[in-house]
Every structure is written in structure tokens, then in C-alpha cells.
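Because only heavy atoms are used, hydrogens play no part in the values below, and waters and symmetry mates are left out as well, while side chains stay in.
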Amino acid sequence: MNASALSAFRSLSRAMLLGLLRDRMAAFFTVLFPLFFLLLFGALFQNDSSDRVVIAQVGDVAMLDEMSAEQLAALDDAMTLQRTADRDEALREVREGDIDGVIWEEEDGQVELRYSAADPARAGTVQGLVQSLVQGANVAATGQPPAYELRTDQVEDESVKPIQYLTPGLLGFSIAMGASFASALTLVSWRKKRILRRLWLAPVSPGTVIGARVGVSLALSLTQLTLFLGVATLPYYGLDLSGQWWWCVPLVASGTLAFMAIGLLIGAWAKSEEAANGALQLTIMPMSFLAGSFFPTDSMPSWLQAFSTVLPLKHLNQALQDVLTRGAGWDTALPVVGGLLLFTAVLSAVAARLFRWDNT
């Protein structure tokens, strides 16, 4: 890049950044508004848990199978017991936080319990309930050696606390909002004010203009990333970052480019800020709900879950959660980065075909 191009790049970047900062409403809704969601939801769901624990019973467990109807009814107030024949599947559900524990009985009468330690209070409840069942069974065998012995252990913790889910989801939503709205509204506004035409006639290459817009958007997204992680890792919220959390940086960068491409496509089509804003709202908000930015999508109908797999935000949210909280690394991040960059290239090519320097 020669000196004149570099000077133009700096001037355009500065103009775009100052334009964003001077528009306080735009700055609020692209930077602070998504962060308020994290502050609010993180506090509301900080201690979110249900009173009743769910334990899977694998095969026959004598101390449970011999319980009377009255005992089972009393137990149902504190614990939901699910029967299954697949121990590996039950252990997987414990690891992922879908159930709280799994119990089975060995051939020698040894009762085995596995539980997740993601929520220490809940783990203690699981152990206490099962321990009381074992003690009750031993009391019933008065005069004999203990009929049952309980051995407990925790499985590898892959379950998700609320803050572990909220941080990547709301970060993805923040990136989608900031990158798409900034690129679309800037394009429409500059075309309406004939700034684009003046840039076209000026000795400034299109690459310099695009580079300035990309640079400002990436700087904004990295600022959002810093704010989100800074707040979420405070002791009050308690986000525990995994060992390879830094892979979120290329994910955020590629996600920014993908949603910039969506903004450019809408900005190339729309003739006014109102039309662009409406199209963006219809695109980004439904996508955020379907992609799980605000709540898990497991309860959605199967056809909606299948549809969500084609949404770029779904893959961005999932990859951010994996690298931030589940210990995933390059093998998870790179395919998503590649997919987002491919998505960017395709939509940018379409936007280039629709692009026009003015509204005439």
C-alpha cells in the first residue's frame, strides 16, 4: 500500500469510526445493548437450577427395584428416575449436563454412581439422595452385613452452566448486530448522501474503502469480545475459560466478515435507511433466536433444528461455546472459520452484482 492509499485508508477509517461514535444510538445498540443482555441474563440465571434431580438407572438395581410404591412416590418429590439399557449413552448425557447422574449395580452387588460436578450444590444433592437410599436399604437388612455398598465418582465435566451458554450466544448476537447494521446503514447513507459518488470520482480505490470498513468492523468486534469476556469472567458471573479459548479471536473475525457480507447485500438492495433497518431486523433477530443466542434450541421442533443448521450464526455460536468453555481447539474452530469465509465470499459476490454508486 503506497503512502497516498495508506493516508486515504486512515482518513476513511477515522471518518467511519467517528461517525459511529457520534451517533450515540448506533453506538449503544451495536456495542452496549448486547452487553446489557449478558449482565441481565447472567444475573438472572446465575443460580438457575431445578429442585428435582434426574438420575438414569441402567439395568436392574435391586435397592431401587425392591422399593414399595409409597417409597417411590416419596422419592419422586426429589428425584426423577429414568430407566435405560445404554450405560454409555447415559454417561454421555451426564457429561453434557442433560441429566444429573447415572446409577447401576455390578454383579457383586456394588452400586455405582456417576455424577457431574458442574454444579457443586446439585452434585451434593445427587450424592446425598443416593447415599440415603443405600443407607435405607442397609437398615432394612438389619442383623446382616451391609447389603449394599455405594461407590461414587464424577465423570468428565462437559455440562454447561448458564454463563457458559449465555456468553458465546450473546457474543455471537452482538457480532451479528454490529457488523451487519454498520455495513448496511453506512452503505445506504453514503449512497443517499452521494458520498459514494464523490469517492468514486476521487483518487481512492474501492479496495481502500472496503478495507477501511472491514478494519473498523473488526476493531468493533474485538472490542465487543474484550468487553464480554471481561464481564463474564468477573467472580460474580464466574465464566471459566477453557485452555484454548483464544481460538475465539479468528472465529469472531470470520463471523464479523460473514455478517458484514449480509449487511452489504442488504445495503446494496435497500434504497433508504428505513428499508435497510427493516430488512436487517427481519434477518438478524429471527436468526438469533433460531441459532440459540438467547436460549437452547433442543426443545424446538425437529424441522426448525434442521433449518437452523444452515444459519451462519448457529455455527458461530456453537464454535464459540466449544472453544470458550469446552476445551475445543483448532479442529473445531478452523472448519467453522472456513465455512464463514466461504459464506462471506459468496454473499460478497452477490452484493457486488447488486451494488450501485447512487440511487439513480
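- Heavy atoms only, all atoms of each residue included: Gln281 and Pro286 are closest at O-CD, 3.3 Å.
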**Study point:** side-chain contact (heavy atoms from CB on, under 4.5 Å) between Val188 and Lys271, intermediate numbers included
**Key:** CA-CA 7 Å; Val188 172; Lys271 294 185 177 180; over 6 Å; no

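- Although no hydrogens or angles enter the test, the distance criterion places no donor-acceptor pair under 3.5 Å between the side chain of Thr167 and the main chain of Gln164.
- Separation of the Phe259 and Phe181 ring centroids does not fall under the 6.0 Å cut-off.
- When all heavy atoms of Ala184 and Gly263 are compared, the closest pair comes out as CB-O, 3.1 Å.
- Residues Leu251 and Val336 have side chains in contact (heavy-atom distance under 4.5 Å, counting atoms from C-beta outward).
- A donor-acceptor contact shorter than 3.5 Å links the side chain of Arg191 to the backbone of Gly267.
- One hydrophobic cluster, built from ILVMFWY side chains closer than 4.5 Å, holds both Trp246 and Val323.
- Here CG of Leu347 is found 9.0 Å from CD1 of Ile266. Values are rounded to the nearest 0.5 Å.
- The structure places CD of Glu89 at 7.5 Å from OG1 of Thr84, a figure rounded to the nearest 0.5 Å.
- Considering CG of Leu304 and OG1 of Thr309, their distance stands at 11.0 Å, rounded to 0.5 Å.
- Nearest heavy-atom pair across Thr344 and Ser254 is OG1-O, 4.3 Å.
- Ionic pairing of Arg114 and Glu112 is present here: one or more N-O contacts between side-chain nitrogen and carboxylate oxygen are shorter than 4.0 angstrom.
- A 4.5 Å side-chain heavy-atom check between Phe343 and Ile262 finds at least one atom pair inside the cut-off.
- Remark: Asn277 CG to Glu274 CD distance equals 8.0 Å, nearest 0.5 Å.
- How far CH2 of Trp245 is from CG of Leu239: 10.5 Å, rounded to the nearest 0.5 Å.
- At least one side-chain heavy atom of Trp104 sits under 4.5 Å from a side-chain heavy atom of Arg87.
- Leu265 places a side-chain heavy atom less than 4.5 Å from the side chain of Leu354.
- Inter-residue side-chain proximity for Ile284 and Met177 is flagged as met; some heavy-atom pair is nearer than 4.5 Å.
- The shortest heavy-atom contact between Thr283 and Ala279 is OG1-O, 2.8 Å.
- Pairing each heavy atom of Thr256 with each of Ser221, the nearest pair is OG1-OG, 2.7 Å.
- Here the shortest heavy-atom pairing between Ala351 and Ala268 reads O-CB, 3.8 Å.
- For the pair Leu316/Leu340, a side-chain contact is recorded, criterion being any heavy-atom separation below 4.5 Å from C-beta on.
- A donor and an acceptor atom, one from each side chain of Gln321 and Asn317, are nowhere located under 3.5 Å apart.
- Between Ser293 and Met287, every side-chain heavy-atom pair lies at or beyond the 4.5 Å cut-off.
- Within the 3.5 Å criterion, the main-chain N or O of Met260 finds a donor-acceptor partner in the side chain of Ser183.
- In this structure, Thr332 contributes its side chain and Ala328 its backbone to no donor-acceptor pair below 3.5 Å.
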Practice item. Could you go through the side-chain contact (heavy atoms from CB on, under 4.5 Å) check for Lys314 and Leu290 one step at a time? Key: CA-CA 8 Å; Lys314 172 72 172 182; Leu290 293 175; over 6 Å; no

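- Leu241 is listed as a side-chain neighbour of Leu324, based on a closest heavy-atom distance under 4.5 Å.
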Practice item. Check the pair Val58, Ile103 against side-chain contact (heavy atoms from CB on, under 4.5 Å), reporting the backbone distance first and the verdict last. Key: CA-CA 6 Å; Val58 181; Ile103 189 171; over 6 Å; no

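- With hydrogens and angles ignored, the 3.5 Å screen pairs a side-chain donor or acceptor of Gln57 with a backbone N or O of Gly59.
- Atom OG of Ser308 sits about 10.0 Å away from atom CD of Gln318, to the nearest 0.5 Å.
- Hydrophobic clustering, with ILVMFWY side chains joined whenever heavy atoms are under 4.5 angstrom apart, keeps Phe294 apart from Leu282.
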**Study point:** Test side-chain contact (heavy atoms from CB on, under 4.5 Å) applied to Asp240 and Thr325, step by step
**Key:** CA-CA 7 Å; Asp240 295 322; Thr325 65; over 6 Å; no

